[in-house]
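Read through the structure below, which is laid out as structure tokens, and then see the notes.
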Amino acid sequence: MEEARGDEFTQDGTVDLKGNPVLRSKRGGWKACSFVVVYEVFERMAYYGISSNLVIYLTKKLHQGTVTSSNNVTNWVGTIWMTPILGAYVADAHLGRYWTFVIASAIYLSGMCLLTVTVSIPALRAPPCDQADVADCKQASTLQLAVFYTALYILAIGTGGTKPNISTIGADQFDDFEPKEKKQKLSFFNWWMFSIFFGTLFANTFLVYIQDNVGWSVGYGLPTAGLAVSILIFLAGTPFYRHRIPAGSAFTKMSRVIVASIRKWNVPEPSDPKELYELDLAEYAKNGKYRIDSTPSLRILNKAAVKTNSKDPWMLCSVTEVEETKQMLRMIPILIATFVPSIMIAQINTLFIKQGTTLNRNINGFKIPPASLAGFVTLSMLISVVLYDRFFVKITRKWTKNPRGVTLLQRMGIGMVVHIIIMVIASLTEMKRLSVAKDHGLVENGGQIPLSIFIILPQFVLMGIADAFLEVAKIEFFYDQAPESMKSLGTSYAMTTLGIGNFLSSFLLSTVSHITKRHHHKGWILNNLNASHLDYYYAFFAVLNILNFIFFLVVSRFYIYRAEVSDSIEVLKENRELLKLKDKKEMLMVN
């Protein structure tokens, strides 16, 4: 208590690793976040060092065709983004975010080490082959594929525990009950994405060059070392972190509400919401949590809070638990609307790179790795985030009076419009590429087309701009709109959409490839891209994006925000002023 004089404890229920309350000046804030942000730079370098060029490794070293290699990449990336649901569950229900993250990091690192060993041993790769069509090459054996994919999916399991928790750990360093810290959190996600794409830029430029020109052993060994460094950096920040006590599984809470409302479907709901079951306000304040008042939306779930003779948690839930469940369910239509943009993102490391392998990549004797073009996604995204944060927000804030400039859903909508433009440009560019291939007699032999690889640069640059709007807003939206006790689940929503998007990409690629080969047609997607019709495929994506944007406009029109940040900040300021006045009065009375 002597140490706390002139200082104050956090009010959001955060503690140290031993469960003790923490002083605001000693832990958390940007000091703690700096370790988390630097960790993310190195970790993203490691992850994208593997994923960015994976389709090239599968094609050149394991001799897989266009559809097979692309689908294997998107299936793996889909798994990477789906496993965070499990990681969020373990963190919220059992181990807490910190220990879940630490254990998962060890699994992640072991997968990276095994993967590096796998690409370093010639016996675990298919024999070299220079055929234009990899279908004419000897395929990798079952053992070779088994070892390689075992390493990849061990890595995927590890990321399931790190991805949903690291960003949440960062956001937890800011106390929502402190107006100054609550404002700081508004910029956290922008700089969080900045750190992600800074590490990605290094991977997409330096590491892919090493993999293409020096060797896969060094090219995979460096990101493995980078991951080890990132884990050490995170652990070094342990004395400065604030932690949240596991509040129980969000899935269990939601299941209880749904089951209780179904079991009491015929019980009449009282006209006065105050007659519904709820805990005392002091119970929430003690744990640094919020109590939520009953709302009329999704009223069927209010049945779960109707009082009966039973105290069984599967028969009776508090109003706050009901409202938390409602909020997570209300976000599902928005979640669905982000699936299609996630399909577009999946093309960056698959078909976009495959296109690059058919174009002229030489500049004054320097051969550009096709995967390095993904670096322009990163670069344009970095520039766009800075411009957005420094200029766009300030300009639009004057008109909208919103501290974010525009709402999160409006920002997401702008990103979706950019995705439509991307696919239109990609289709037109591919038409040009195929036309040049035909003019030079390169359709059948699949030879290199005398067009610079930079002809496909606009679709990469625009993808970065789209990310600055859609991806940043998506992460912030699902975190911000999730109830306080379900933040990890909210974060996993943002990642789940990328996972489902990658799986849908695999499904669409296989389905379109199969359908377009019917009745003895050549098909749109072949191993020889010069004889393919990716222009049709991209045009199909453009139409899909337009339809999805219309759906997004409809669901966002009916979405009700959990709380406006500006309002909550003003309320916090007023409450703090009242508390200060109360303290002064008590001191005067004592004197």
Side-chain angles (χ1 to χ4, degrees), residues 48 51-60 64-78 133-135 204 208 339-359 361 368-377 419-434 437 446 448-449 451 453-464 466-467 498 501-517 522-545:
Y48 283 102
S51 65
S52 296
N53 222 15
L54 183 57
V55 71
I56 300 297
Y57 184 87
L58 294 176
T59 302
K60 290 187 174 181
Q64 296 181 356
T66 300
V67 174
T68 302
S69 60
S70 297
N71 283 351
N72 280 331
V73 171
T74 50
N75 287 337
W76 175 68
V77 174
D133 189 344
V134 292
N204 289 334
V208 297
F339 291 167
V340 171
S342 296
I343 297 173
M344 303 307 110
I345 293 172
Q347 309 315 306
I348 296 173
N349 292 331
T350 52
L351 294 182
F352 283 9
I353 291 176
K354 284 280 193 177
Q355 279 180 285
T357 62
T358 69
L359 298 166
R361 298 181 280 130
I368 301 171
S372 67
L373 285 190
F376 286 97
V377 177
H419 274 294
I420 296 171
I421 297 171
I422 291 169
M423 285 304 145
V424 171
I425 291 176
S427 180
L428 295 174
T429 302
E430 180 64 7
M431 288 174 64
K432 173 67 175 177
R433 191 188 71 83
L434 293 175
Q448 188 178 83
I449 298 171
L451 272 177
I453 191 172
F454 291 114
I455 193 176
I456 61 174
L457 181 60
Q459 60 207 55
F460 285 91
V461 173
L462 286 171
M463 193 66 79
D467 283 349
L498 288 169
N502 274 274
F503 286 127
L504 287 174
S505 177
S506 297
F507 170 76
L508 289 175
L509 188 62
S510 298
T511 302
V512 171
S513 175
H514 175 71
I515 290 175
T516 55
K517 284 181 181 178
K522 263 191 171 182
W524 288 3
I525 302 127
L526 308 172
N527 291 340
N528 178 4
L529 289 189
N530 292 352
S532 300
H533 267 297
L534 286 183
D535 53 339
Y536 296 168
Y537 192 56
Y538 291 156
F540 163 69
F541 276 159
V543 173
L544 191 62
N545 273 288

Can you check whether [Y]'s main-chain N or O pairs, donor with acceptor, with [X]'s side chain at less than 3.5 Å?
X: T74; Y: F503; value: no
X: T59; Y: V55; value: yes
X: N204; Y: S372; value: no
X: S510; Y: S506; value: yes
X: T358; Y: K354; value: no
X: S70; Y: T350; value: no
X: S52; Y: A371; value: no

Ring pair (Phe, Tyr, Trp, His ring centres under 6.0 Å) between F460 and F454, intermediate numbers included
CA-CA 10 Å; F460 285 91; F454 291 114; over 10 Å; no

Over all heavy atoms of both residues, which pair between [X] and [Y] is shortest? Give the atoms and the distance, please.
X: R361; Y: P370; value: NH1-CD, 3.3 Å
X: F352; Y: M423; value: CZ-CE, 4.0 Å
X: L434; Y: L529; value: CD2-O, 3.7 Å
X: N71; Y: S505; value: OD1-O, 4.4 Å
X: I348; Y: A374; value: CG2-CB, 4.1 Å
X: L359; Y: L451; value: CB-O, 3.5 Å

Side chain to side chain contact (heavy atoms under 4.5 Å, CB included) between S427 and Y536, intermediate numbers included
CA-CA 7 Å; S427 180; Y536 296 168; over 6 Å; no

Spatial distance of atom [atom1] ([X]) from atom [atom2] ([Y]) [nearest 0.5 Å]:
X: L526; Y: K517; atom1: CG; atom2: NZ; value: 5.5 Å
X: D535; Y: W524; atom1: CG; atom2: CH2; value: 8.5 Å
X: N528; Y: T66; atom1: CG; atom2: OG1; value: 8.5 Å
X: I425; Y: M463; atom1: CD1; atom2: CE; value: 11.0 Å
X: F339; Y: N502; atom1: CZ; atom2: CG; value: 12.0 Å
X: N545; Y: F540; atom1: CG; atom2: CZ; value: 10.0 Å

Between Q459 and Q355, do the side chains contain an N or O donor and an N or O acceptor separated by less than 3.5 Å?
yes

Parallel, tilted or perpendicular: ring planes of Y537 versus F541, cut at 30 and 60 degrees
tilted

Side-chain heavy-atom pair [X], [Y] within 4.5 angstrom cut-off:
X: H533; Y: K522; result: no
X: L54; Y: N349; result: no
X: Y538; Y: L351; result: yes
X: L508; Y: I343; result: yes
X: I56; Y: T357; result: yes
X: L498; Y: V77; result: no

Test log, rule side chain to side chain contact (heavy atoms under 4.5 Å, CB included), inputs L534 and I525:
CA-CA 7 Å; L534 286 183; I525 302 127; 4.0 Å; yes

Mind running side chain to side chain contact (heavy atoms under 4.5 Å, CB included) on V377 and V461 for me, showing each step along the way?
CA-CA 5 Å; V377 177; V461 173; over 6 Å; no

Which of I455, N530, I456, L428 passes side-chain contact (heavy atoms from CB on, under 4.5 Å) with R433? It is N530

